Amino acid sequence: MEEGARSCLLQSRSSLEQDIRASYLMDHMISDGVLTGDEEDRIRSKPTRKEQAAALLELLLRKDNHAYISFYNALVRESYGDLASLLHNSLPLVSPEAEKSFSDGGTRYVQAVLSEGGVPQRPVVFVSRPALMNRVREKLYHLQKEPGWVTVFGMAGSGKSVLAAEAVRDHALITECFPGGVHWLSVGQLDRSDLLVRIQSLCFRLEQQSQEKDPSSSLHRPPGSLEEAKERLRFLMLRRYPRSLLILDDIWDSSVLKAFDIQCRVLLTTRDRSLADCVSGSKSEVAVESGLEEDQALEILALYVNGKPQRLPEQARSIVRECKGSPLVVSLIGALLREFPDRWAYYLHTLQQKKFKRIRKSSSYDYDALDQAMAASIQVLSEEHRERYIDLTVLEKDVKVPAKVLSVLWDLEPEEVEDVLQDFVNKSLLFRDCHHRPYLYYLHDLQLDFLAEMNRSGLESLHTKVVRQYQQRYSQGPPTSGDEECLYWFRFLTYHMAKELCSLMFSLDWVRTKAQIMGPAHLINDYVEYGAILDKEVRGQFQEFLSLNGHQLEQRPFPDVVQLALSQPDSSEVYRQALLQAQERATRG
Ligand code: ADP
């Protein structure tokens with residue numbers, strides 16, 4: 001029964017209980033087919049008129065819109081006109097027109113099924129992705145006849161959960177494939193005890209709903225172990241909710257998925273494509289692209305600021321380009337712009353500077369900032385794989401590499417490298433271009449930015465590592481095969497070497513030692529001579545430090561460089577390294 005009708009019944013309950021004679025009304029309701037003979041008997045068995053009335057109302061509250069209408073008509077026919085008028089304003093519409101009247105395309109029935117199953121509503125600002133949604137629906141239709149799994153996978157913030165909720169917002173799909181309902185469970189990263197609690201509450205929800213429909217079924221005590229919970233869920237899905245769909249949102253771990261391997265129909269969202277390998281039954285999958293089309297992303301921004309996409313300032317396109325249309329980031333920025341509509345340039349700049357922490361805004365979904373979402377993805381890698389993943393920081397933006405390049409960096413066989421990369425690809429942390437053989441791998445820009453931000457202090461030494469590893473592998477001379485790997489070295493070895501030079505010249509230790517032995521003039525000369533290769537901003541910071549402190553660095557005894565460097569502006573790389581060293585000294589005592 002729809003919400004408004006149920007609420008009206010609850011509000012009018014005591015007046016109705018006072019006055020109605022259930023036995024008169026029930027005849028009408030039986031002939032309308034909304035009440036069974038058994039139900040009538042149970043109500044008649046109550047000793048007093050008032051108790052019978054209360055029992056009828058209790059039963060009615062668990063029924064659908066038709067029962068409400070039948071009850072209303074019965075009141076009118078039995079001359080309870082004043083009571084009928086209490087219910088009149090909330091009479092539900094059940095005509096086909098009314099069924100289609102929802103702005104999100106769902107019907108009242110769909111809305112009732114989804115809200116009962118805990119499926120999240122559409123985000124307030126929403127754009128549809130019809131091709132993607134049709135792909136998910138098509139896979140769901142395969143579950144019409146038999147149980148199985150549909151995996152929706154993609155990187156953090158690509159819109160998987162929104163898509164899963166949207167895919168089931170469809171009258172025909174629910175009535176034809178999942179008449180038993182759609183049940184949503186948010187999973188996320190869990191340990192075994194958390195998982196037990198989640199399944200307990202799912203079982204409780206399912207049992208409670210089934211008891212409302214059939215009061216003779218009883219509520220059980222919560223299952224005490226994961227095994228028991230799995231069996232309880234199996235029983236519920238098989239007996240009470242046949243042909244229903246379970247949506248498991250944001251699954252990270254195959255052991256979690258195994259708890260749901262109970263021969264039912266499951267739609268799961270995950271970043272890890274291979275997760276369903278560990279469970280039995282038919283499986284299919286849909287990949288969610290990480291970014292929206294440009295016009296869809298602009299539409300989101302326009303909706304947030306209540307404007308038209310064509311009227312957005314020029315920075316809007318740059319924002320979309322900068323984050324490659326990531327729905328999460330576009331929505332986060334849109335939400336910020338709603339509050340500060342003049343800040344287009346500022347947020348574009350923030351995004352370009354990779355200051356993700358400032359693009360923080362609570363969202364209706366799990367992650368309130370991209371950095372958290374990415375960090376969570378990386379956390380679940382094994383320690384060894386995590387280190388290797390961080391090594392990918394060394395790649396240039398928009399460059400695709402074959403596994404052999406990384407086999408030089410990690411000194412592993414290409415097959416072993418493929419295995420490591422497969423893990424990243426499965427977790428949507430890395431992308432694979434399958435149009436080339438051997439495959440080429442690349443990171444999403446946002447992932448690379450995130451890695452660079454996370455690994456700021458280690459980046460230069462990573463370039464050194466690349467150069468060393470290359471020199472070791474090709475000590476006899478450069479590769480000549482002309483394959484993708486060979487081409488990589490010819491294009492990027494110089495880049496890594498230039499970065500290596502940065503790593504040397506932007507090191508406070510190097511500055512200290514060289515100044516002590518050769519004097520500051522030599523150092524300043526280096527920055528000028530190799531200026532074109534070095535990062536302009538950081539070079540400026542080192543030059544400034546040297547020109548301000550040159551006279552001190554001539555002195556003997558030689559001054560404490562860390563102390564001198566600590567008086568640099570705190571945005572300076574010189575200051576950052578000095579601070580680290582000072583902290584290290586403090587911990588060493
Ligand atoms: P995922 O499950 O892939 O991590 P979500 O589905 O939770 O991603 O989406 C992340 C955020 O992106 C949502 O909170 C929402 O703000 C935004 N978003 C995703 N899809 C859409 C869409 N179709 N229209 C508008 N915003 C969307």
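Both counts, for ligands and for their atoms, begin at 1 and track the order of listing. Note that this is a predicted model, so its numbers are computed, not measured.
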Mind checking side-chain hydrogen bond (donor to acceptor under 3.5 Å, both in side chains) for Y488 and listing every partner two or more places apart, or none if nothing turns up?
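Only H496 meet the side-chain hydrogen bond (donor to acceptor under 3.5 Å, both in side chains) criterion with Y488.
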
Check: S193/D191 side-chain N/O donor and acceptor closer than 3.5 Å:
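Yes, because at least one side-chain N or O of S193 sits under 3.5 Å from a partner of the opposite role on D191.
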
Do R265 and Q144 have side-chain atoms, one donor and one acceptor, less than 3.5 Å apart?
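No, no side-chain donor-acceptor contact under 3.5 Å.
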
Do NZ/NE/NH1/NH2 and the carboxylate oxygens of [X] and [Y] come within less than 4.0 Å?
| X | Y | result |
| --- | --- | --- |
| E573 | R576 | yes |
| E299 | R129 | no |
| D449 | K397 | yes |
| R386 | E383 | no |

Does any N or O atom in [X] lie less than 3.5 angstrom from one in ligand 1, N or O only?
| X | value |
| --- | --- |
| S331 | yes |
| R129 | no |
| F126 | no |
| A156 | no |
| V162 | yes |
| R271 | no |

Hey, which atoms in ligand 1 end up nearer than 4.0 Å to a heavy atom of [X]?
| X | answer |
| --- | --- |
| I300 | 24 (N), 25 (C), 26 (N) |
| K160 | 1 (P), 2 (O), 3 (O), 4 (O), 6 (O), 8 (O) |
| S161 | 2 (O), 6 (O), 7 (O) |

Sub-4.0 Å heavy-atom approach of T269 to ligand 1:
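For ligand 1, residue contact (heavy atoms, under 4.0 Å) with T269 is absent.
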
Judged by non-hydrogen atoms, does S158 sit under 4.0 Å from ligand 1?
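Heavy atoms of S158 do come under 4.0 Å of ligand 1.
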
Taking atom CD of E314 as the centre, does the number of heavy atoms from other residues, nucleotides or ligands within less than 6.0 Å exceed 12?
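Result for CD/E314: open.
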
May I ask which of P327, A297, G157 has a heavy atom nearer to atom 4 (O) of ligand 1 than the others do?
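Considering heavy atoms of P327, A297, G157, the nearest to atom 4 (O) of ligand 1 sits in G157.
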
Residue selection (non-hydrogen contact nearest atom 10 (C) of ligand 1) among L328, L303, V329:
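The nearest heavy atom belongs to L328.
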
With a 4.0 Å heavy-atom cut-off (strictly under), which part of D249 contacts ligand 1: side chain, backbone, both or neither?
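For D249, no heavy atom sits under 4.0 Å from ligand 1.
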
Mind checking what makes side-chain contact (heavy atoms from CB on, under 4.5 Å) contact with L421, not counting sequence neighbours?
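In terms of side-chain contact (heavy atoms from CB on, under 4.5 Å), with neighbours along the sequence ignored, L421 is linked to A403, L406, W410, V417, F424, L430, Y441.
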
